[in-house]
Amino acid sequence: MSNFRLRYDLTLRSIFMRVAIVVGAVVLTVWAMPGDSAANFYAEQGRPWRYGDLTAPFDFPIYKSKETVKHERDSLMRQYEPYYNLDKEAEGRQVRKFVSDYSDGIPGLTDDFISIIANRLHNIYRRGIISSSAYANLGDDTLRVIRVVNGKNAVAVRLRDVYSEKTAYEQLFLDKTLSSHKQALQRCNLNSYIVPNLVYDKERSDASLADMLNTIPLASGMVQKGQKIIGRGDIVSEDVYRILESFKLETEKRNRNTVQMRLTMMGETIYAALFLVCFTIYLTLFRKDYFEKPRSIAMLYSLILVFVLLTSVLVRNNIGHVYILPYAMVAVFVRVFMDSRTAFITHFTMVMICACMLQYQFEFVVVQSLAGLAAIYSLRQLEYRSQLFKTALLVGVVCMAVNAAFDLIRASALSDFDASTYNYIIVNSIMLLFAYPLLYLIEKTFGFTSDITLIELSNTNNALLRKLSEVAPGTFQHSIMVGNLAAAVANKIGAKSQLVRTGALYHDIGKMSNPIYFTENQSGVNPHNNMSCIESAQVIISHVTEGLKMAEKANLPAVIKEFISTHHGLGKAKYFYMKYKNENPGTDVDELLFTYIGPNPFTKEQAILMMADTVEAASRSLPDYTEKSIRDLVNRLVDGQLADGYFRECPITFRDIAYAKTVMIDKLKTMYHTRVSYPPAK
């Protein structure tokens, strides 16, 4: 009952997790989508219209361009008359202040100059003074008119008839009476008695300006519902371009309608949910193990959402053409780290969701689906950088071919071809080359290990392998032989040969801690002769834990560490275990003292390495290398591992094991050069 309850809880938890993933992905997808895909197109003035015939679905005005509206505003602004309030008290305050300051007279001048200057100030204030900054903002047009508000009256006054603070001061010294005494008067600092008496009335001026600008019509015509706007292949003229932009603007306004927005969002939600649910069902039915690895699920859904968001950014902002986005990159990443079928399903799901945002969905789906297939076919196994270059080239050729097919179907002449689309496809192919450096980012983000990384790790000049060859040369040679055996088996049964070869090179690195304790590194001296069986077993077993420590220190990928921990599984150090039992008959043996830490292999590649490691090591002890002795050895060791249950937790079949034994027998026969026995001379 408790086991049933546990399975029931796990099932509920799994269902809840998958539902949460789908809901989260749908929410992000719908949030990214534009409000209405019907107006999402990219048009260039003077270029052919790439899409199908466009007919107005509703009446809408033809809006003027921003440049036209700005030109009309600028023209109207020349007639604009700002309002200034007359400060009647300013003159009296400043004249009285002047008279008070020089009540004792102006040094060097007669007393008559007090009244003369006061009179000149009166004349200046009567015409009006505006602040120098406001005067400069009004421009150089002296015929321009301002409105001077005096009480309830607003009088139109030309700008040339009023002074700024600067011109008012200069006007004082244009007077013949004052100009002859300029030096004496300059010491009086007369500009301090000249202040603006015309003050800008912002509220009244802004209201007047708004009324004036409201008279400018924003539209220059109407398009009737059902009217053809443009046909496929037609050149986008200036007038048609304005109509297209007006259609897009009016569509956005209509989408602000609450009911319409809700209906659009509902449709987008259903659309996105259908594809994401189908994608999740596929993973549940055919790739159930991916849900046990959060990194796999995270990468799959992240790739879909990233390209949906990028497409949304391009569509919303009309930044170029969506064909510049390397959508095939999704297929490349999933193919490299997972499998071909999942790569295509993921790519197709992403393409279908992105198509919802575009005007030309059918062309987009066909072009990008074939591009994804081309990328998958060309990357059966990524081992060299040149493969990605070939993939990018193939994807570009396929996209161009499909696009040319559509152009030929719909065009009436070769001149109707839109060359810009092919330019975008070329850019797309170039951007696909960035998949190579991005592979490293994907590896580090989601914890995967690509074949390129495995090839780099299998380089014997790698620091750890070079040290192994120097410290434990016998172990190094053994690892190379095991790698060759395991890779041959992997190729035969459809496993990952590069992975198992790299794992084989590192599986015994822990022997570097005590190399002399292992037979392949000994040269006549065996330290086990002076040790108990338990001590010897512990030293032998410790090479697994020591290897894991070294792998951790060297930052080896987790998948390589798994080979180190599983290549002996939960087996025993049999030599010392049997020796201990023979030396201590009738004594209970603590088997844990002779048992490796495990676990048992849980992947096909780990099982292959366990078989190859055991067979290669044991083959060195054969007294003679005949076909029969090698066959018997391989069958006995592998059948023994199978009987001991080492392969119960990994997905390897009896058929795979039979093929593995056959391959190892053939390889060992070749390695040890078995020959027929020559008959003696009689």
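Scope of the values below: all heavy atoms of this structure, side chains included, with no hydrogens, waters or symmetry mates. Because the structure is a prediction, the values reported are computed rather than measured. Numbering of residues begins at 1 and proceeds along the displayed sequence.
R466 places a side-chain N or O within 3.5 Å of a backbone atom of N461 that can act as its donor or acceptor partner. Put simply, the side chain of E245 never gets that close to the backbone of R242: no donor and acceptor are under 3.5 Å apart. Here the side chain of T566 pairs no donor or acceptor atom with the backbone of Q606 at under 3.5 angstrom. Side chain of S312 to backbone of V308: no donor-acceptor contact under 3.5 angstrom is found. Not a single donor-acceptor pair under 3.5 Å links the side chain of N428 to the backbone N or O of I425. Counting only distance, with no hydrogens or angles, the side chain of H347 and the backbone of F344 share no donor-acceptor pair below 3.5 Å. Looking at R295, its side chain does come within 3.5 Å of a backbone N or O of G447 through a donor-acceptor pair.
With sequence neighbours excluded, no residue forms a salt bridge (charged side-chain N to carboxylate O under 4.0 Å, His left out) with K390. Taking the salt bridge (charged side-chain N to carboxylate O under 4.0 Å, His left out) definition, one finds that E552 meets it with K561, sequence neighbours left out. For L285, the side chain to side chain contact (heavy atoms under 4.5 Å, CB included) partners at least two apart in sequence or on another chain are I281.
Ion pairing of D451 with K496 is absent here, as no side-chain N (NZ or NE/NH1/NH2) approaches a carboxylate O to less than 4.0 Å.
Annotation: the span from L432 atom CG to M329 atom CE amounts to 5.5 Å, rounded to 0.5 Å. Atoms OH and CZ, on Y301 and F279 in that order, are 5.5 Å from each other to the nearest 0.5 Å. Between atom CG of residue L373 and atom CG of residue L394 there is a gap of 10.5 Å, rounded to the nearest 0.5 Å. Annotation: the span from N484 atom CG to K667 atom NZ amounts to 7.5 Å, rounded to 0.5 Å. Atom CG in L464 sits 4.5 Å away from atom CD1 in I509 (nearest 0.5 Å).
Considering every non-hydrogen atom in both V367 and N403, the closest pair reads CG2-N, 4.5 Å. Closest of all the heavy-atom pairs between A404 and Y422 is CA-OH, 3.1 Å. Scanning all heavy atoms of the two residues, the minimum distance from T502 to I560 falls at CG2-CD1, 3.9 Å. Of all heavy-atom pairs between A331 and A343, the closest is O-CB, 3.7 Å. Nearest heavy-atom pair across V351 and V365 is CG1-CA, 3.8 Å. Residues V366 and V402 come closest through the heavy atom pair CG1-CG1, 3.8 Å.
Looking at T346 and T349, their side chains never bring a donor and an acceptor atom within 3.5 Å of each other. Under the 3.5 Å distance criterion, with hydrogens and angles disregarded, no donor-acceptor pair is assigned to the side chains of T391 and Y377. Remark: the D339 side chain and the Y290 side chain contain an N/O donor-acceptor pair separated by less than 3.5 Å. One side chain, S497 or N491, offers a donor N or O that lies under 3.5 Å from an acceptor on the other. Inspection of the T284 and R18 side chains reveals an N or O donor paired with an N or O acceptor under 3.5 Å. At a cut-off of 3.5 Å, with distance as the only test, no side-chain donor of Q387 or S378 sits close to an acceptor on the other residue.
Checked against the 6.0 Å centroid criterion, the rings of F389 and Y436 do not qualify as a close aromatic pair. The six-membered or imidazole ring of F448 lies near that of F337, with a centre-to-centre distance under 6.0 Å. Residues F362 and F406 bring their aromatic ring centres within 6.0 Å.
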- Message: Between F275 and Y271, is the ring pair (Phe, Tyr, Trp, His ring centres under 6.0 Å) condition met? List the steps.
- Response: CA-CA 7 Å; F275 282 100; Y271 182 88; 5.1 Å; yes
- Task: Could you please spell out the steps behind the side-chain contact (heavy atoms from CB on, under 4.5 Å) verdict for D508 and L468?
- Result: CA-CA 9 Å; D508 272 344; L468 178 64; over 6 Å; no
- Evaluation steps, side-chain contact (heavy atoms from CB on, under 4.5 Å), between F333 and L438: CA-CA 9 Å; F333 289 149; L438 286 176; 3.7 Å; yes
- Give the intermediate values and the outcome of side-chain hydrogen bond (donor to acceptor under 3.5 Å, both in side chains) for residues T449 and E443. CA-CA 6 Å; T449 305; E443 285 189 45; 5.1 Å; no
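Residue-environment remark: OH (Y659) stays at or below the threshold of 12 foreign heavy atoms within 6.0 Å. No more than 12 heavy-atom neighbours from other residues, nucleotides or ligands sit within 6.0 angstrom of CE on M266.
Note: F286 and Y282 have tilted aromatic rings, judged against thresholds of 30 and 60 degrees for the angle between ring planes. The aromatic rings of F307 and Y327 lie tilted to each other, with the angle between the two planes from 30° to 60°.
Residues I493 and I608 form a side-chain contact, since some pair of their non-hydrogen atoms from C-beta on lies under 4.5 Å apart. Counting heavy atoms from C-beta on, the side chains of V482 and L505 never come closer than 4.5 Å. Between M338 and S296 the shortest side-chain heavy-atom distance falls below 4.5 Å. Two residues are said to be in side-chain contact when any heavy atoms from C-beta on lie closer than 4.5 Å; I442 and M299 meet this criterion. Contact of the M611 side chain with the M664 side chain is registered, since non-hydrogen atoms from C-beta on lie closer than 4.5 Å. You'll find the side chain of L300 reaches within 4.5 Å of the side chain of L283, heavy atoms only. Residues C356 and Q361 fail the side-chain proximity criterion, which asks for heavy atoms closer than 4.5 Å. Put simply, the side chain of I657 reaches to within 4.5 Å of the side chain of I652, judged on heavy atoms.
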